[in-house]
Amino acid sequence: MRYLYGALLATALSTGPALAHHGWSGYDSDKTMNLTGTIRDAGYEHPHGYVRLEVPGKTWLVVLAPPSRMENRGLQRAALAPGKTATVVGYPNRSDPNELRAERITLDGKTTELR
């Protein structure tokens with residue numbers, strides 16, 4: 001019985017990160033945006049990659065797909081290098097006017113679907 005409690009506790013603790021993950025309802029899918037700018041910073045980490053994309057007058061935090069999905073679709077970490085020009089199509093965050101969830105990203109003439 002003690003082992004059963006241990007297994008239940010381990011299961012409960014391992015679901016914490018999944019419960020903490022946000023959903024996509026925070027983004028307005030009725031407002032598709034198309035941004036082209038310069039990557040100033042990038043992250044290729046879980047749960048989602050990101051780029052800070054500088055466009056005229058503003059810098060956006062662009063939320064990308066998880067690294068495993070980007071790799072499977074051919075978007076390697078090195079492609080998100082600061083200084084590169086990127087075009088993203090996505091949806092703005094409903095509560096953070098500086099954040100966008102990307103559906104696709106184009107770098108060096110190659111478009112990668114992220115969703």
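For clarity, every value in this text was computed on a predicted model and none was experimentally measured.
The hydrophobic cluster containing Val63 does not contain Val55, counting ILVMFWY residues as joined when their side-chain heavy atoms lie under 4.5 angstrom apart, directly or transitively.
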Next on the checklist: Between Thr38 and Leu53, is the side-chain contact (heavy atoms from CB on, under 4.5 Å) condition met? List the steps.
Outcome noted: CA-CA 5 Å; Thr38 303; Leu53 189 68; 5.7 Å; no
Item to check | Working for side-chain contact (heavy atoms from CB on, under 4.5 Å), residues Thr32 and Val89 | outcome: CA-CA 7 Å; Thr32 303; Val89 176; 3.7 Å; yes
Next on the checklist: Between His48 and Leu64, does the side-chain contact (heavy atoms from CB on, under 4.5 Å) criterion hold? Intermediate values first, please.
Outcome noted: CA-CA 6 Å; His48 301 282; Leu64 304 173; 5.7 Å; no
Checklist entry - Run the side-chain contact (heavy atoms from CB on, under 4.5 Å) check on Tyr27 and Asn93 step by step: do they pass? => result CA-CA 4 Å; Tyr27 297 89; Asn93 188 299; 3.7 Å; yes
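Taking each heavy atom of Lys84 and Ala79 in turn, the nearest pair found is CD-O, 3.2 Å. Closest non-hydrogen pair, Pro67 versus Pro47, comes out as CD-O, 4.4 Å. Closest of all the heavy-atom pairs between Met70 and Gly49 is CE-CA, 4.0 Å. The minimum heavy-atom distance between Arg73 and Leu114, with the atom names listed, is NH1-C, 3.4 Å. Closest heavy-atom contact between Tyr50 and Glu45: CE2-OE2, 3.4 Å.
Taken from CG in Leu107 to OG1 in Thr85, the straight-line distance is 9.0 Å, to the nearest 0.5 Å. A distance of 5.5 Å separates CD1 of Ile39 from CD1 of Ile105, quoted to the nearest 0.5 Å. Note that CZ of Arg52 and OG1 of Thr59 are 9.0 Å apart. Values are rounded to the nearest 0.5 Å. Here the CD atom belonging to Glu103 is positioned 13.5 Å from the CE atom belonging to Met33, to the nearest 0.5 angstrom. Rounded to the nearest 0.5 Å, atoms OH (Tyr44) and CD (Gln76) are 5.0 Å apart. Atom OG1 of residue Thr87 and atom CZ of residue Arg104 lie 11.5 Å apart, to the nearest 0.5 angstrom.
Residues Tyr91 and Asp30 have side chains that never bring a donor and an acceptor to within less than 3.5 angstrom of each other.
Within the 4.5 Å cutoff, the side chain of Leu35 has heavy atoms near those of the Leu100 side chain. Put simply, the side chain of Leu61 does not reach to within 4.5 Å of the side chain of Asn98, judged on heavy atoms.
By the 6.0 Å contact criterion, NZ on Lys58 is enclosed, its count of non-hydrogen atoms from other residues, nucleotides or ligands being greater than 12.
Proximity of a side-chain donor or acceptor of Lys110 to a complementary backbone N or O of Gly74 within less than 3.5 Å is detected. A donor-acceptor pair under 3.5 Å links the side-chain atoms of Arg115 to the main chain of Ala102, judged by distance alone.
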